[in-house]
**Q** 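Here's a structure for you.
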Amino acid sequence: MAHRWTNDLTHDDVTPKSAYLNRRQLMAGMAGLGLTALAPKANAAADLTPTDFDVISQYNNFYEFGTGKEDPAKHAHRLTTQPWSIKIDGMVDRPGDYALGDILSKMTIEERIYRFRCVEAWSMVVPWNGFELKDLLDLAGVQSSAKYVAFETLYRPDEMIGQKSPFLDWPYVEGLRLDEANHPLTLMATGLYGKDMPKQNGAPIRLVVPWKYGFKSIKSIVRITLTDKEPPTSWNKSIPGEYGFYSNVNPEVDHPRWSQASERPIGGGFFAKRIPTLKFNGYETEVANLYDGMDLRKNY
Amino acid sequence: MIEPLNTFVRKTPNWLLYLIGAAYPAWLLYAGLSGGLGVDPVKAMEHALGKAGLQVLIAVLLITPLRRFSKFNFLSWRRALGVIAFFYILLHFLVWMVLDVQILSQVWADIVKRPYIIVGMISLLILLPLAITSNNISIRKLGPRWRKLHKATYLAVALGGVHYIMQTKGFEYEPYIYLAVVIGLIAIRKLPKKRAAQPVKRQVA
Ligand code: HEM
């Protein structure tokens with residue numbers, strides 16, 4: 001069932017991909033004329049202009065293709081995404097290999113303009129295309145014993161050359177609590193800006209959990225497992241003292257390396273100002289109740 | 001081949017070294033402003049300067065063993081290289097402070113709280129008096145104490161190498177290679193001097 005959740009950003013905030021550069025100039029022009037009030041009304045908490053497509057597709061942490069931010073854009077072309085299927089197993093009524101085409105034929109693709117916040121304290125605004133994860137889980141029939149959802153990225157070192165280095169314990173794995181996975185904000189994204197997902201952004205299908213740090217939003221997914229135990233997650237396995245299971249965006253809980261109080265929007269050049277980070281990345285009204293009574297400092 | 005090179009090194013005017021040294025950050029600034037450093041020029045510049053600072057410092061430390069184990073003599077470049085490395089690292093710090101973190105309270109919080117920043121800061125603070133005393137007057141005034149003071153370069157570079165390792169997230173080979181080179185350079189100093197008994201043969205200096 002699509003459209004359970006509506007953007008606080010309207011469709012007007014995303015311009016046709018051919019015109020987005022022009023729009024920036026237009027906005028600048030309007031600002032010059034003191035007409036910013038006429039610009040599309042964004043969320044009150046911040047000015048949410050979607051980040052340029054070129055920026056979103058050229059600044060990526062996708063360590064399967066190398067450790068530099070430009071490496072994924074350089075190397076991801078090697079990835080073959082056809083055929084693609086997702087193995088859904090564990091506590092489901094209908095386990096099996098689900099061909100991506102079959103999945104997509106049953107889904108309604110909608111646009112979701114989300115803030116994207118990396119644990120490294122930078123951020124973007126991304127107009128994703130995708131469907132709710134819940135719809136996919138419903139397809140497989142989650143059993144009542146299941147409490148968590150585990151995800152796995154493709155492991156194919158010949159194409160994902162970063163996997164030849166022991167940077168992380170490959171394949172990359174992530175996980176969500178079932179209620180987080182079923183939340184209407186949680187998206188399986190297949191594209192952005194109305195285009196197919198660029199390979200460096202996690203083609204052909206990736207997770208997007210906008211109130212969590214970016215590394216939770218696992219890319220190029222080949223397996224989804226329903227389980228009753230908290231599944232291991234790659235960064236937690238690598239540095240448990242720094243990365244927990246929940247990883248909710250929270251300006252009040254610092255990461256040992258980075259203050260999380262503020263973030264640098266990417267794409268603004270040398271002199272881009274930091275902006276304050278919002279609790280749950282600005283989705284507090286939607287998701288805070290998932291964590292009622294939990295100590296978010298302990299469950300970081 | 002060696003002699004002409006040594007002569008060339010000896011004859012290079014210092015101002016030329018400083019000019020070449022200054023060209024790199026100037027180019028980074030230009031590239032950053034014109035889109036040549038990618039979509040996040042701040043991080044690109046921060047990383048490039050940290051890396052260049054460490055590389056030039058390692059080059060400085062290579063000069064002594066090169067003289068000892070080969071006939072190459074880069075001694076007359078050493079001061080300029082040291083000062084250039086210091087400025088790269090100072091700029092590394094300033095880019096971090098002014099363009100990256102921006103907010104002074106957060107700069108301070110990071111300096112007292114983040115282990116990799118603390119290690120980098122200690123390294124920079126060690127380098128500061130070395131840079132200040134990199135002139136003839138200080139050498140004359142400090143006498144033998146100058147040499148002692150400037151041995152701290154080894155500690156500063158080692159801490160820079162540790163800082164580099166600490167700032168990586170997953171496992172990467174590169175920073176370990178740097179630290180291994182630095183440790184190797186420190187170890188070489190401890191090798192017994194074979195010809196210690198003989199009067200040291202002086203190159204034409
Ligand atoms: C004033 C103290 C210093 C501060 C605040 C500082 C800060 C930083 C920061 C923020 C990073 C990047 C971390 C990231 O992006 O996650 C970094 C990386 C680095 N720093 Fe420093 N640093 C300092 C001193 C030094 C010193 C003294 C050296 C060398 C002797 C050094 C060499 C490096 C190197 C090599 C890198 C990695 C660059 C790369 O990844 O290519 N830093 N430093």
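Chain letters run A, B, ... following the sequence lines, proteins first, then strands; residues in each count from 1. Small disclaimer: the values here were computed from a predicted structure and weren't measured.
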**Q** Can A/Phe215 and A/Tyr243 be said to form a side chain to side chain contact (heavy atoms under 4.5 Å, CB included), step by step?
**A** CA-CA 10 Å; A/Phe215 64 86; A/Tyr243 306 94; 3.7 Å; yes

**Q** Less than 6.0 angstrom from the centroid, inside 45 degrees of the normal: does B/Arg67 satisfy that with respect to the ring of B/Phe72?
**A**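 Checked: cation-pi criterion not met.
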
**Q** Closer than 3.5 angstrom, by distance alone: can the side chain of B/Asn135 be matched with the main-chain N or O of B/Ser138 as a donor-acceptor pair?
**A**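 A pair under 3.5 Å: yes.
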
**Q** Tell me, out of B/Val42, B/Asp110, B/Asp40, who's got the most heavy-atom pairs with chain A below 4.5 Å.
**A**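 Sorted descending by pairs with chain A, the first entry is B/Asp40.
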
**Q** With a 4.5 angstrom heavy-atom cut-off, which part of A/Lys273 approaches chain B: side chain, backbone, both or neither?
**A**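 For A/Lys273, heavy atoms of backbone and side chain both lie under 4.5 Å from chain B.
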
**Q** Can you check whether A/Trp211's main-chain N or O pairs, donor with acceptor, with A/Arg117's side chain at less than 3.5 Å?
**A**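 No, because the side chain of A/Arg117 does not come within donor-acceptor range (under 3.5 Å) of the backbone of A/Trp211.
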
**Q** Measure A/Leu168 against the heavy atoms of chain B and call it side chain, backbone, both or neither at under 4.5 Å.
**A**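 Neither; nothing under 4.5 Å.
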
**Q** With a strict 4.5 Å heavy-atom criterion, list every residue of residues 247-262 of chain A that contacts chain B, or say none.
**A**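 Listed by number, the contacting residues are A/Asp254, A/His255, A/Pro256, A/Arg257, A/Trp258, A/Ser259, A/Ala261, A/Ser262.
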
**Q** A cation-pi test, strictly: NZ or CZ of A/Lys216 under 6.0 Å from the centre of the six-membered ring of A/Phe245 and no more than 45 degrees from its axis. Yes or no?
**A**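 Cation-pi check for A/Lys216 and A/Phe245: passes.
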
**Q** Are any side-chain N or O atoms of A/Asp295 and backbone N or O atoms of A/Arg297, one a donor and one an acceptor, separated by less than 3.5 Å?
**A**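 Yes; judged by distance alone, with no hydrogens or angles, the pair exists.
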
**Q** Non-hydrogen contacts under 4.5 angstrom with chain B: give the residues of residues 72-79 of chain A involved, or none if there are none.
**A**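 Contacts with chain B: none.
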
**Q** With no hydrogens and no angle check, just 3.5 Å: does a side-chain donor-acceptor pair link B/Asn136 and B/Arg79?
**A**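 B/Asn136 vs B/Arg79: donor-acceptor pair found between side chains.
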
**Q** Pick one of side chain, backbone, both or neither for B/Met45, based on which atoms fall under 4.5 Å of a heavy atom in chain A.
**A**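 Just the side chain, heavy atoms under 4.5 Å.
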
**Q** Determine whether a donor-acceptor pair (N or O, by modelled atom type, separation under 3.5 Å) exists between the side chain of A/Ser220 and the backbone of A/Thr153.
**A**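 Pair absent, no side-chain N/O of A/Ser220 close to backbone of A/Thr153.
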
**Q** Measure from the ring center of B/His92 to the ring center of B/Trp96 and say whether it is less than 6.0 Å.
**A**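 No - the distance between ring centres of B/His92 and B/Trp96 does not fall below the 6.0 Å cut-off.
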
**Q** Go through the atoms of B/Ile103 and report whether side chain, backbone, both or neither lie under 4.5 Å from a heavy atom of chain A.
**A**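 Side chain of B/Ile103 only, per the 4.5 Å heavy-atom cut-off to chain A.
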
**Q** Side chains of B/His150 and B/Thr133: any donor to acceptor distance under 3.5 Å?
**A**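 On atom types as modelled, these side chains qualify, holding a pair under 3.5 Å.
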
**Q** Pick whichever of A/Tyr59, A/Phe270, A/Tyr63 has the most heavy-atom pairs under 4.5 Å with chain B.
**A**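 Most pairs with chain B among the choices: A/Phe270.
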
**Q** When heavy-atom pairs shorter than 4.5 Å are enumerated against chain B, which of A/Ala272, A/Ser165, A/Ser238, A/Pro166 gives the highest number?
**A**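 Heavy-atom pair counts peak at A/Pro166.
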
**Q** Within 45° of the axis and under 6.0 Å from the centre of the six-membered ring of A/Trp235, does NZ or CZ of B/Lys169 qualify?
**A**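 Here B/Lys169 passes the 6.0 Å and 45° test against A/Trp235.
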
**Q** Return yes if some donor-acceptor pair links the side-chain N/O of A/Arg115 with the main-chain N/O of A/Asn281 below 3.5 Å, else return no.
**A**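 Yes; judged by distance alone, with no hydrogens or angles, the pair exists.
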
**Q** Got a donor-acceptor contact below 3.5 angstrom from the B/Trp77 side chain to the B/Val9 backbone?
**A**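 Yes, B/Trp77 side chain to B/Val9 backbone: donor-acceptor pair under 3.5 Å.
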
**Q** Chain B: which of A/Glu120, A/Lys69, A/Gln58 shares the most heavy-atom pairs with it under 4.5 Å?
**A**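 When all of A/Glu120, A/Lys69, A/Gln58 are compared, A/Glu120 has the most.
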
**Q** Given a strict heavy-atom distance threshold of 4.5 Å, which part of A/Asp169 is in contact with chain B: side chain, backbone, both, or neither?
**A**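 Interface part for A/Asp169: neither.
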
**Q** Identify whether NZ of Lys or CZ of Arg in A/Lys195 sits under 6.0 Å from the centre of the six-membered ring of A/Phe53 and within 45° of that ring's axis.
**A**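 That pair qualifies as a cation-pi contact.
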
**Q** What option among B/Leu33, B/Ile117, B/Leu37, B/Asp100 has the most heavy-atom pairs under 4.5 Å with chain A?
**A**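 Highest number of pairs under 4.5 Å: B/Asp100.
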
